[in-house]
**Q** 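Just passing along the structure, written as structure tokens.
Just so you know, ligand 1 is whichever comes first in the structure, and atom 1 is the first atom listed for that ligand.
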Amino acid sequence: MKILLYNPDNGVTRNFMPHLWMFLLQALTPPGHEVLLVDGNAQAMDEAGIAQFVRDNNIGLVGIGAMTRMIAKAYRMADAVRAAGVPVVMGGPHVTEMADEALGRDGGPRHADAVALGEADATWPRIVEDAARGELKDVYAPVDAFGQESKPTLKEYPVIPWQSIDLKQFNLVPKAAKATLQKIGEGWGTFRLIPVESGRGCPYGCEFCTVTGFFGDSIRFRTNESVVNELLLLKARARSEKGQMAVFFIDDNFAINIKRTKSLLRDIIAAGAQVHWVAQISANLLRDEELVDLIADSGGKWIFIGMESIDPANLKDVNKGFNKPGEYGAVLERLAQRNVYAITSFIFGMDNDTVGVAERTLEQVRTWPPGLPIFGLLTPLPATPLYKRLEKAGRLTRPKHWQEFIPFAMAHTPLKMSIEEAHAEVSHGWDEAYSPAALAHAVESLNDQPLGYRVNIFLARLCFRGIYFPMMGKMAWLKVIAQNRRTIFKLVREGFKAGAWRGRPARIPAIPLPQAEPVVAIAQAAGGDGRVIAFPAD
Ligand code: B12
Ligand code: SF4
């Protein structure tokens, strides 16, 4: 049987990174079946397109996975596939919580023939075999012989065959530049950001977050050996195609068990498996100097930190009191000392937020080492404690907000400001943090560093603008370039000075920096075809 795994586009940005679930389920598919992958963020497809695709390719089963914000598109695509006579199974965080919605048991239309609840590592092979026999059941739940929910230990993690998977749709280098860039250094013909997990679960239970409910509070880790082997496989693939590979460790809290993280990072270094990597780590775990040294030495470049708010009362409200705003600056400085920078994520519209929260947050941000601040709105995702609290209090203004997804729009009323005021705060945050003046300031704050660092921060900020500012077309890019021309001219002028690229970093050195040309390659990759980067609010 031929199977299509499809991930809908998010309708806002073109994702820079493929979704792990597709590769994982592909690797877990029993022999004798062929699995094709389509990520709507990389390969745009509409309802007619997917119906045509399943007909042209003689697909016997379509698997669709989606977060809440993509679920409306996911349902539309599922409807089109089912209308073409092909069964659909849906999985992922949204349908796990809203299975009745997907199965049409809540009075609405049915979108899926079957739903896979929770982690589907163990149920997927059964789903495939049942579908091949034409005997799909409505619901697949991961349970043990006693009917108790069971979660994979991750000790027996499947080998994802990165050496042979078709990754054409996930190359961030524009086609036109590929041939030239392949010849530069070790090669920049491809640049891919690949998701890798080293563990699952987070015990912290922040009120707005799906993770503790979905993955559970017991944390499970892969063996160091299996993670290291995966990195080696990815490096080999990049080398073989004269390209580059970076990794996003998608664990919700990569250092949740510091001892284990240190041992993994040591093993990565010992095996020569370093790649440039990004990971999510909460601020409280970054107090450990040795951990931060190992992060830098193993290739860590960007750490995503869910700061959420600079107001302790807000943090307490959402059960995230372990975040201490007073130490944010020191944590970021500790990272910057090793040339590791942070993506700092803030949520506005919390119950103690008042008008001016964005500016108050920016005042703090400006005192920190340069990074990538991101701003979102408190969103009641289904089945989270936040959703239940707001529902009980009658504060949900759009209880089924996902059925008509509107980006950057609240679905409940905050206590101390209006919804419109909260929206204006988010706009102010993005406008100010990514203004030409703020970009110039970020670059200048690294004046003691070799040019590559400044170019990197500038490019990263430019790409991040795309989460909020439309940058999909050539005109939009030209406008951004015109607005930032002073900083660009300054960097270009410096680029011609001898030794500008190769100076020693003034801070504690991490791993060698990419040289001039690769930085240009990333710029083209990020900008050339309008792809932009989006990170979650932890
Ligand atoms: C990596 C990641 C991202 C990436 C994007 C996804 C990518 N390219 O990988 C980035 C960084 C861009 C991102 C962004 C956002 N994210 Co995010 N992200 C994650 C994260 C950390 C890991 C996802 C992952 O790969 N997990 C590991 C895989 C193995 O698990 P899985 O995807 O759940 O898949 C398993 C099962 O669900 C199931 N399954 C999944 N799909 C399917 C399909 C079928 C057919 C079947 C049978 C089974 C199945 O089988 C898999 C194996 O067991 C998760 C948290 C988490 N730990 O999952 C949050 C998470 C998915 N993100 C979340 C959110 C809210 C966001 C943002 C909206 C945040 C924001 N405020 O901006 C943005 C939206 C981005 C956008 N523009 O669309 C929420 C989603 C909650 C929900 N109900 O939708 C999560 C759960 C985190 C949270 N805090 O609650 N995110
Ligand atoms: S927001 Fe981050 S720290 Fe909090 S429960 Fe979710 S994954 Fe854990």
**Q** Out of Gln280, Arg200, Met67, whose heavy atom is nearest to atom 61 (C) of ligand 1?
**A** Met67
**Q** So for ligand 1, is Glu119 a polar contact partner (N or O within less than 3.5 Å, distance only)?
**A** no
**Q** Does Phe214 come within less than 4.0 angstrom of ligand 1, counting non-hydrogen atoms of the residue?
**A** yes
**Q** Can you tell which of Pro18, Gly92, Pro195, Gly65 gets a heavy atom nearest to atom 49 (C) of ligand 1?
**A** Gly92
**Q** Do Lys155 and Arg220 touch side chain to side chain, with heavy atoms closer than 4.5 Å?
**A** no
**Q** Counting only N and O atoms by type, is there a donor-acceptor contact under 3.5 Å from the side chain of Asn253 to the main-chain atoms of Ser282?
**A** yes
**Q** Any carboxylate oxygen within less than 4.0 angstrom of a Lys/Arg side-chain nitrogen, looking at Asp288 and Lys262?
**A** yes
**Q** Heavy-atom contacts under 4.0 Å between Phe208 and ligand 1: side chain, backbone, both, or neither?
**A** neither
**Q** Yes or no: does Glu97 have any heavy atom under 4.0 Å from an atom of ligand 1?
**A** no
**Q** Check whether the side chains of Asn284 and Tyr204 place a donor and an acceptor atom closer than 3.5 Å, and report yes or no.
**A** yes
**Q** Which atoms of ligand 1 have any heavy atom of Asp121 under 4.0 Å away?
**A** 52 (C), 53 (O)
**Q** For Ala116, take its heavy atoms, then give the atoms of ligand 1 lying under 4.0 Å from any of them.
**A** 47 (C)
**Q** Which of the numbered atoms in ligand 1 are below 4.0 angstrom from a heavy atom of Leu20?
**A** 25 (O)
**Q** Regarding Arg76 and Asp79, does a basic nitrogen lie under 4.0 Å from an acidic carboxylate oxygen?
**A** no
**Q** Under a 3.5 Å threshold, yes or no: a donor from one side chain and an acceptor from the other, between Asp130 and Tyr140?
**A** yes
**Q** Out of all atoms in ligand 1, which are within 4.0 Å of some heavy atom of Trp124? Include the element for each.
**A** 47 (C)
**Q** Do any N or O atoms from the side chain of Lys137 and from the backbone of Ala114 form a donor-acceptor pair under 3.5 angstrom?
**A** no
**Q** Tell me which one of Phe304, Phe215, Phe248, Phe249 gets a heavy atom nearest to atom 31 (P) of ligand 1.
**A** Phe215
**Q** Using heavy-atom distances, let me know which of Gly91, Ala122, Ser345 sits nearest atom 42 (C) of ligand 1.
**A** Gly91
**Q** Using the six-membered ring wherever Trp is involved, compare the ring planes of His94 and Trp402 and label them parallel, tilted or perpendicular (cut-offs 30° and 60°).
**A** perpendicular
**Q** Kindly identify the option in Thr210, Asp252, Ile374 whose heavy atom sits closest to atom 86 (C) of ligand 1.
**A** Thr210
**Q** Quick one: does Cys209 get a heavy atom under 4.0 Å from ligand 1?
**A** yes
**Q** Which one of Arg398, Glu391, Arg389, Arg395 satisfies the side-chain contact (heavy atoms from CB on, under 4.5 Å) criterion with His412?
**A** Arg395
**Q** Check ligand 1 against Thr68 and write out every atom of the ligand that is under 4.0 Å from a heavy-atom position of the residue.
**A** 82 (C), 83 (N), 84 (O)
**Q** Return yes when at least one N/O/S atom of Cys209 is nearer than 2.8 Å to atom 4 (Fe) of ligand 2, and no when none is.
**A** no
**Q** Closer than 3.5 angstrom, by distance alone: can the side chain of Asp166 be matched with the main-chain N or O of Lys168 as a donor-acceptor pair?
**A** yes
**Q** Under 4.0 Å from a heavy atom of Lys320: give me the atoms of ligand 2 that qualify, with their elements.
**A** 1 (S)
**Q** side-chain contact (heavy atoms from CB on, under 4.5 Å) with Val247: which of Leu193, Leu231, Val278?
**A** Leu231
**Q** Which of the numbered atoms in ligand 2 are below 4.0 angstrom from a heavy atom of Thr212?
**A** 5 (S)
**Q** Side chains of Thr223 and Leu154: does their closest heavy-atom pair fall under 4.5 Å?
**A** no
**Q** Should the proximity of Thr384 to ligand 1, defined as any heavy atom under 4.0 Å, be assigned to the side chain, the backbone, both, or neither?
**A** neither
**Q** Salt bridge between Arg287 and Glu327, side-chain N to carboxylate O under 4.0 Å?
**A** yes
**Q** Quick one: does ligand 1 sit under 4.0 Å from the side chain of Leu381, the backbone, both or neither, non-hydrogen atoms only?
**A** side chain
**Q** Is there side-chain contact between Tyr75 and Glu101, with at least one heavy-atom pair below 4.5 Å?
**A** yes
**Q** Counting only heavy atoms not in Glu225 (residues, nucleotides, ligands), do more than 12 fall under 6.0 Å from its CD?
**A** no
**Q** Please identify which atoms of ligand 1 are closer than 4.0 Å to at least one heavy atom of Met70.
**A** 78 (O)
**Q** Can you tell which of Asp251, Ile250, Leu25 gets a heavy atom nearest to atom 1 (C) of ligand 1?
**A** Ile250
**Q** Minimum distance, heavy atoms only, to atom 45 (C) of ligand 1: which one of Leu377, Ile64, Thr123 is it?
**A** Ile64
**Q** May I ask you to list the atoms of ligand 1 that are less than 4.0 angstrom from any heavy atom of Gly63?
**A** 45 (C)
**Q** Could you check whether any heavy atom of Met22 sits closer than 4.0 Å to an atom of ligand 1, since that is the contact criterion I want to use?
**A** no
**Q** Given His19, Met17, Arg69, which one has a non-hydrogen atom that is nearest to atom 68 (C) of ligand 1?
**A** Arg69
**Q** Does Ser282 have a non-hydrogen atom less than 4.0 Å from ligand 2?
**A** no
**Q** Using heavy atoms and a 4.0 Å limit, tell me yes or no: is Gly118 in contact with ligand 1?
**A** yes
